[in-house]
Amino acid sequence: METNLLSLIIFAPLAGAVINWFVGRRVRDERFIGLVACGSVAISTIVAFYLAFNSHGALRGEAPLFDHIWTWLQVGTLRADFALAMDRLSGTYALFITFVGFLIHVFAVGYMHGEAGFYRFFAYLNLFMFAMLTLVLANNFVLMFVGWEGVGLCSYLLIGYYFDKKEAGDAAKKAFITNRIGDWGFILGVMLTFYVTGSVTFIANPAAGETAQTALSFFTNQAVDPFTLGAITAGGATSIALLLFIGAAGKSAQIPLYVWLPDAMAGPTPVSALIHAATMVTAGVYMIVRCSEIFVHAPTAMFIVAIVGAATAIFAATIGLAQNDIKKVLAYSTVSQLGYMFLACGVGAFVAAIFHVITHAFFKALLFLGSGSVIHGMHHEQDMRRMGGLKKYMPVTFATMLTGWLAISGIPIFAGFFSKDEILWKTWSAHGIGSANKVLWIVGAITALLTAIYMTRMMVMTFWGKERFDHSHVHPHESPKTMTIPLIVLAVLSTVGGFIGVPYALSSVFTDRDVNVIEHTLEPAIAHTEQAEAHSHDEIVAERALAVGSVVIALIGIGLGWTIFKKRPTLEMPRVLENKYYVDEIYDAALIRPIVAGSREGLWKIFDIGVIDGVLHAIGQAVTELGRLGRYLQAGFVRGYAAIILIGALILIGLFAYLGMRP
Amino acid sequence: MEPQLSWYLALSAVLFTIGVTGVIIKRNVIAMFMCIELMLNAVNLTFVAFASFFQDVTGQLFVFIVMTVAAAEAAVGLGIIIAIFRNRETLDVDEASILKL
Amino acid sequence: MPKLLTILILLPVAGAVASVLYGIATKREDHHKWIALITTTATFAVSLLLLRGIGASGAEFRFEENVSWIGAIGARYHVAVDGISLWLVLLTTLLMPIAILSSWTAIHKRQLSYYVFLLILESAMIGVFVSLDLLLFYLFFEASLVPMFFLIGIWGGQRRIYAAIKFFIYTAVGSLLMLVAIIALYFTYHTFDYVTILQAMQSNPLTGYAPVWLFLAFALAFCIKVPVFPFHTWLPDAHTEAPTAGSVILAGVLLKMGTYGLMRFNLGLFPEMSRKAAPVLITAAVIGIIYGALVAMVQPDVKRLVAYSSVSHMGFVILGLFSFTEMGMQGALYQMLNHGVSTGALFLFVGFIYERRHTRMISDFGGLATPMPWFATLFVVASLSSIGLPFLNGFVGEFLILIGMWTSTAVGRPWVVTMLASTGVIWAAVYMLWMLQRVLFGTTTNPENARLRDLNPRELGLLLPLLFLMLFMGVYPRVFLDRSKPSVVVIRDRIMQTTTGGSYTTVNYNSKTE
Amino acid sequence: MRLLLAQSTMPIINWALIAPELIVCGAAVLVMLVDAFVKPAQRWITGGIALAGLALGAAATIWLWASGTASYDAFNGMIVLDELRLGFTLIFLLVSFLTLLISTVWVEGEQLPAGEFHSLLMFATVGMMLMASGNDLVIVFLGLEILSIATYVMAGFRRTDVRSNESSLKYFILGSFSSAFLLYGIALVYGATSLAQPLPGGTFSRIIPGTTNIAELASRVNDAQYPALLFAGAAMMLVGFGFKIATAPFHIWTPDVYEGAPTPVTAFMAAGPKAAGFASFIRVFVFGLPFVVSSYSNAGGNLHRAWVGALIVMAILTMTLGNVVAIVQNNVKRMLAYSSIAHAGYALVGCVAAGATSDPAQRNTAITAVMFYLLTYAVMNIGAFAVVQVIARSGDRRTSVEDYSGIGFQSPVLAFALSLFMLSLLGMPLTAGFMGKVMVFGAAIDQGYFALVVIGVLNTAVSAYYYLRLIIVMFFGDRTTAWIAPPIPASVALALVLTILGVLYLGIFPGRVINGLQTRIESQFFTQR
Amino acid sequence: MLVLLFILFAGMAIGCALAVVAQRNPLYSAISLIGVFISLACLYVMLAAPFIAAVQVIVYAGAIMVLVVFVIMLLNVEEEAHQRPRLKFLLPLAIGLAAVLIAEVAFILVSVQQSPVTAISNGTDVGVTHSIGSALFTRYLLPFEITSILLLMAIVGAMTLARRSALPPNARVVPGAQVLPVTMFRDTGLPTHDDMRAVETDSTDEAARLLGVAELRDQSKRE
């Protein structure tokens, strides 16, 4: 069904950005700018909710909503429109993006108070909302790529917001280039998809006269690729899936492209909350789920996704253990949680992935904002070793972050518990990949343990213990309302948000109705792996057991963290962890330096100047030398000239005579 | 027997060659000039020889014209020689070699 | 407008003559830029009339003028535009006023001759794009060398003489061989007329080794002009040493002569040879893309960096041309325009800071964003369009080229080519952002940089059209693509329909790459 | 028998046919007379008379062209009337006209005898015209000698200048040396082309004497009595003409003589005598020793193959040597001398085409191409030398390249004019040189000499270096020493205007001229009287 | 009989020709050249060309050679003996080339020899004055007239070149540009020709002396 309100969702923030950029820079009035920014996002939020939940909304009705704005590219057989589609998946996504985004905007108004580049910041932030929503609502790969690159650009701009700080600039550059590597894979995936399916559209829009067969629906009746390595280069679904996964890995900070995310913390904290925790980094997950139709036909790709996800999860968690910068801890925790989501995708639990995305958006945004509040109160101090005992100074922040902590650690009734538990269970119960799923489950479980530990460490170092900062300079204080209110809202959400996805196994304890809302919402939009959703008895038992197990794990983690760090908050952590396994250094030494040096010395100096120009100059020299030789014919002596003429004459006569004598 | 045509041709060829050689090895301008005259005379011999063997007047007329040309060349050539001698006080052609390379 | 094209060609010349007369009459030096500006703007206005004539239908030539020029050797004055040349003409006429505005204050000495040369150059460039008579084309093609030679040599940088000679001789060598080929074609078909030759070729095609040599001669000339790796070394020198306007026009228009020539003459006249040569040229293009980017990355001189980036971008154009798919060739044409706009703009930015600081070394800059915010912003935008960010022009061209290449049948493993070529997009981000980082961001270390003034209205004004185009071409390319489609399709079909050789049917979907 | 002889060969006198020669000759004599009787102050009158004479001559030529349709000859086949002659005659007249324009003021400035100079120039013109119009080797030889002797004197005209002396000395010695070769060649051809007819029933055979008439020559090539002599003679004539048109290795005199001679004379020598050499070369070889159809076994075929082959080699050598050596020159006149060698090579490419073809139409096209090329070369070359002369000042003092440094914007007229001529010599489009090259190379390609043409264009690329060098020196650098812009005399200015317009006209709208020069010599051999 | 005469005169001609080349003193060369002319005249007589023979003696030996000898006397040149030998390689080269030339000519003459033998019918009147005259004024009228132009022009040229002070006395001579290459002035402190003062002289040597660059000029002559 065609509705032009959809475009309002994306264009409202764009308008906000434009207004802030051109008008805001003139009227340097924070209230105006803040109003424009938050207002525009608020509009899209309202519209999003309306379109989602009205009588035949995207999340209630069966038919997705379409908005065909204009035909963008139409060359040969390629047709890529500027067309939006809001089905259940993108609808869900749009909802929490707009909502969380709105909250973070509000928070930022307080946080960025008094900044010189206030207007710039909010222009970028609105622009980001535009790009993100475009990414989500796009109805074809190419437009999705527009948003995909757009969010990359915005994160580049926002990370580099303090452009006069070198590390900010470096981080921004690093983020953009790393994302570019991912985008390379993504765009290639798109091309291969087009090559194979002849279309780049997601959902056929009858109104725009599109054929029923789209890039996704093309696969529904294709055979599933074999579960072999050979499938990777076969140019089929597996190849597509892997190429797309490269893109996802870049955007969602998976091994080996995760390195940009921790550095991205150089940006202002709201940015970290919005872009690098809640929304942009989950775009990879969204894309995979959007293309689930392709992925389920590519078991090899799925397996690789799962492995990478699990590896990232545990890898980042270990690093997170040892960080002292409060934002770095959260950053690595984000990477780790993203790993979880990819693990979920990898084992075919797409719904669980989305579920975790949402809950994660809530509590991680909460944690980031809380840390922002802390940093704000500590006069931009980020090192936890110089904090401690803050709970009496900023009670609201403490209370809200407490919920976030419990949520991420996986304590029941908190949002994190359900989603994480779902993922672990789906991993455990996944089949088709031999016994590897058990290994994956163990990895996930250990990650959960580590998560609990380092989050506890963070909380302890920040809020408990004795105050390690000197009171002469630092006067901790609670943040203003604009900041605390979003915190509270998010705290509530991360407390109750989990109940949209209570699995049958747990809900059946109390009621017989299946209350797994999210699953029912997303079912139609997601491709199905073959295992059916049969709530057989022993499965339910197993799931419950696992749930209990994960609770135990969480509790153990918290306990460990408490016992270890309560007494010695500033405990020295292993150096290798503190230095993030020296990954950056390795990249630098193994890739960047060789390439740069090779290009400068080898390609430019030696080949370009040396060889190519050398050859040219050699030719020129040769001609000139020839000239030098030639001019020595001209010795200046008449007799010599006569002799030369005579020689020429003799040669001519000889030639002619020879030819003449020939019979 | 009588002298054949080819004898005369051979003789003129020899004279021509001697003239050519002279032009190359003589250093005195006037001497070179005389060698050129020698070459012209060799050619004249060829003409006359052909003319008389063909009983044709053309060749002899050619000789006639060649002589005129030789005279003209002599006049101009000697004029040039005198002019250059005024500036250089020498007739050595090898001295006249500032225009080179 | 019957004589529109002739007017277009002669208008700048008229301006030049007027300028000379004015200079002789009054010894004033400082009014010529006005004359030049008015003339070029008028030319642009006139050239806009071309748009009316060319809709999205039909590939035939419009605004055709075909009169005998040299009866003795059957050379004709045959000019016309189709969907391909239309945009290149417009690009030329658009860039000229901008170039003149860019040298408004930069050029102090010998303004008269400077602007006269610019105007003559414009005529030559327009002539190249509209002439359909081979001899006429060659005439304009070569004639465009001379003014550029003077522009580089007189108003250029330190190594200007070396650059000028290199530019001239390098390009002349190639085009002279093309002249031989043109004459050979003349004695084969007894006409210089492109259209007539095309028709004649249908009935009696070239045989034996003739097409090979002719193709090579044409290709060499154009590949040097483009330039295709490894003929590119004249370009960094010429671009770097030329005055800003010169660089803008070099990058914006002169390079397009090469790609235009390849498209119009090599692909048009020798379809089968083009197919045979495609693998070679595609290889060269891919090498050029990566090589140019890598070398650009390590340039200490901003202008050189942009110059090498041109090598990389033109590689994309060649790639698209020789993919022999509609997408690829449309993308190639589009990329020509994009490159003209984006790289032209980049050279303008370099010119601005050079005018202020009289250096182009990256190391001399840093933190320019603080003193000159507008400059920084627009510079970033231009760089992003050159990187190929979606919704800016660069993306459309590169995406079409790459997807065209992947679906191409010109080479055995198109996907390998595409994968390699598309790394160029990554490299572009690397060198551009690195450069921006070092020039714009960070703290202003050098006190001289701290005092720099931001763009003045003139500079903003001459940038705006380009920036607008970057955005517009990015979000609504149909305006351009629809008009060029028929002409491109004609050329493509001629290549594909020639039966001999491997099977060149269009891509069959649902089939997987080998 | 004697009577028979007398009657059979009554002179066929047709003054109209040699009207141009007569007019120019008369003008020359008139110049001398006037010069003898006017006061030194009014010497310029002689220049005026000379110009008028040349103009009249041109008028007569055009009249001949308009009146005479078919090509026919007079004076017992001594003089021929065809487009080849007329076209070249016009070129010669143009060259002399321009040379006069640039030299009259110069002569006065150098305090040289104007009358003698002008009359000599006129006589030289007559010589050139005879070389083009002669249909008999004797006329060709005489014309060549008149031209040579006149130019010997003109080269040494600045008697007090040692360079002038030396150049005229070298020119004289080498010139007469090579013309001796030419003469020997003529003699051998004369002997060789005799025919032996066996007498009825006798051991002896009656002999038809040899000929020097080019048309008869062509008819006898195949069954000459002494083919060997014919070959040797042809070779030696090739030496003689090669010397005149300065093809390697007979170019050796050119640089020295051109450098030493007074600049206007150099301009004349580079344009006129070269063209004359080509005229008589085409006359003698292309029409005298033509491509004899279906005769590749016997003498005619062999001979044709021999001289065409030799010509190809000479063309390549000439182009390459001229261009390559010109690169390393530092004296502008010398540089232009080498460039003139190179251009002779380009023109030879056209001659190769003219000689190689058997089809009269194609041959005519090729000959026209050569004529057109020489015309363009004459125009741009004289223009260039005019500028050089103005810049060199009295006594040819400033002729080294560094003398031109940075004068570009200090005397813009001269500099831009010179640049235009340089670009034209280089063969850039829109200039005469380009069209000339297109014509000759086209003719060669038509005959399938691709390699030759490719070498030609590569040479053009090489030549770009030294032509551009002058432009670079003038414009791209700044002058260190002081520069006083030299005055441009009115006549020289006129010459410059004419040449510039000519270069542009021939470069942009050459069609008319090409059609005008188009030769229509249909017959394989000439009609014999 | 005729053969003997031929051998005699041919021998004389070749001998004198060799002498022309071999003699160091141009005067002797001139004398021996006259010898060549006379022996050629005799051969002409043998070839039944009496008129040409006469003209040969009168014009060549008489007029031209006298002019040459006159010039030699006028310029009283020193013998080559006093001059430093130079370009020695030219002598063997020339002789070698001469050998080649002879060889080629012989090669050609062989073929002439092979051609059908032909008779000389004596008693022909081709060579006599009458026939030459009639031919000269009928068939060869035009060349004959042209020779007059040639001679006229030769007179003009010779006069122009040779007359001593055709210009107003003491022509203006600027040695910097005339004799001495500019490069020679670079290393010396002397002014280059651009701004060199002009001097009034007869000959360049004198000019060089006046300007104090005589020794430089001698160097340039020596090298």
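Quick note on labels: first sequence line is chain A, next is B, and so on, each numbered from 1. Below, all heavy atoms of this structure are taken into account, side chains as well, without hydrogens, waters or symmetry copies.
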- [ ] Give every residue pair that meets the side chain to side chain donor-acceptor pair (under 3.5 Å) criterion with at least one member in residues 30-40 of chain B, sequence neighbours excluded.
- [x] B:E37-E:Y60
Open item on the list: Name the residue from B:L78, B:I81, B:I80 that meets the side-chain contact (heavy atoms from CB on, under 4.5 Å) definition with E:L161.
Closed with: B:I80
TODO: Check whether any side-chain heavy atom of E:L74 sits under 4.5 Å from a side-chain heavy atom of B:I82, and report yes or no.
DONE: yes
Task: E:F70, part contacting chain B, at a heavy-atom distance under 4.5 Å - done: neither
- [ ] With side chain to side chain contact (heavy atoms under 4.5 Å, CB included) as the test, would you mind laying out the steps for E:L75 and B:L91 before giving the verdict?
- [x] CA-CA 9 Å; E:L75 304 180; B:L91 288 178; 4.0 Å; yes
Open item on the list: Report which part of E:A30 has an atom under 4.5 Å of a heavy atom belonging to chain B: side chain, backbone, both, or neither.
Closed with: both
Task: Considering all heavy atoms, the nearest E:A17-B:L38 contact - done: CB-CD2, 3.8 Å
Open item on the list: Could you measure the distance from the OG1 atom of E:T147 to the CZ atom of B:F64? Nearest 0.5 Å is fine.
Closed with: 7.5 Å
TODO: Side chain from CB out, backbone as N, CA, C, O: work out which of these in E:I14 comes under 4.5 Å of a heavy atom of chain B, or both, or neither.
DONE: both
- [ ] Could you check which of B:V23, B:N41, B:I18 has the highest count of heavy-atom pairs closer than 4.5 Å to chain E?
- [x] B:N41
TODO: Of all the heavy-atom pairs spanning B:N28 and E:P26, show the shortest one and how long it is.
DONE: ND2-CG, 3.4 Å
Open item on the list: Quick check on B:V69 against chain E: is it the side chain, the backbone, both or neither that has a heavy atom closer than 4.5 Å?
Closed with: both
- [ ] Show your working on side chain to side chain contact (heavy atoms under 4.5 Å, CB included) between E:I52 and B:N44 and close with a plain yes or no.
- [x] CA-CA 10 Å; E:I52 297 295; B:N44 284 355; over 6 Å; no
Task: E:V68 portion near chain B, given a 4.5 angstrom heavy-atom threshold - done: both
Open item on the list: Please verify the inter-ring angle class for E:F6 with B:W7; under 30° counts as parallel, over 60° as perpendicular, anything in between as tilted.
Closed with: tilted
Open item on the list: Minimum heavy-atom separation for E:I132 and B:L61, please, with both atom names.
Closed with: CG2-CD2, 3.9 Å
Open item on the list: Can you tell me which of E:A10, E:A106, E:G157, E:P143 forms the most heavy-atom pairs within a distance under 4.5 Å of chain B?
Closed with: E:A10
- [ ] Find the distance between OG (E:S32) and CE (B:M34) and round it off to the nearest 0.5 Å.
- [x] 7.5 Å
Task: Per-residue contact mode, E:M65 against chain B (heavy atom under 4.5 angstrom) - done: side chain
TODO: Could you tell me which non-hydrogen atom of B:A72 sits nearest to which non-hydrogen atom of E:L150, and how far apart they are?
DONE: CB-CG, 4.1 Å
Open item on the list: I want to check something: taking the side chain as every heavy atom from C-beta on, are B:V63 and E:V55 in contact at a cut-off of under 4.5 Å?
Closed with: no
TODO: Could you look at E:L33 and say if it's the side chain, the backbone, both or neither that has a heavy atom under 4.5 Å from chain B?
DONE: side chain
- [ ] Would you indicate whether the side-chain heavy atoms of B:M67 and E:I64 approach each other to under 4.5 Å?
- [x] no
Open item on the list: If we define contacts as heavy-atom pairs under 4.5 Å, which of B:V48, B:V20, B:I65 has the most with chain E?
Closed with: B:V48
Task: Pairwise distance CD1(E:I102) to CZ(B:F16) - rounded to 0.5 angstrom - done: 11.0 Å
- [ ] Find the one option among B:V76, B:L45, B:V14 whose heavy-atom pairs under 4.5 Å with chain E are most numerous.
- [x] B:L45
- [ ] Please state whether the side chain, the backbone, both or neither of E:L18 comes within less than 4.5 Å of a heavy atom of chain B.
- [x] both
Open item on the list: Listing request: all side chain to side chain donor-acceptor pair (under 3.5 Å) pairs with a residue in residues 58-76 of chain B, at least two apart in sequence or in separate chains.
Closed with: B:D56-B:T58
- [ ] Mind checking the CZ-OH spacing from B:F62 to E:Y140? Nearest 0.5 Å is all I need.
- [x] 6.5 Å
Task: Heavy-atom pairs under 4.5 Å with chain B, option from E:V36, E:V59, E:L67 with the top count - done: E:L67
Task: Interface moiety of B:F54 toward chain E, non-hydrogen atoms closer than 4.5 Å - done: neither
Open item on the list: Are the side chains of E:V71 and B:I30 in contact, using a 4.5 Å heavy-atom criterion?
Closed with: yes
Open item on the list: Under 4.5 Å from any heavy atom of chain E, what part of B:L15 do you find: side chain, backbone, both or neither?
Closed with: side chain
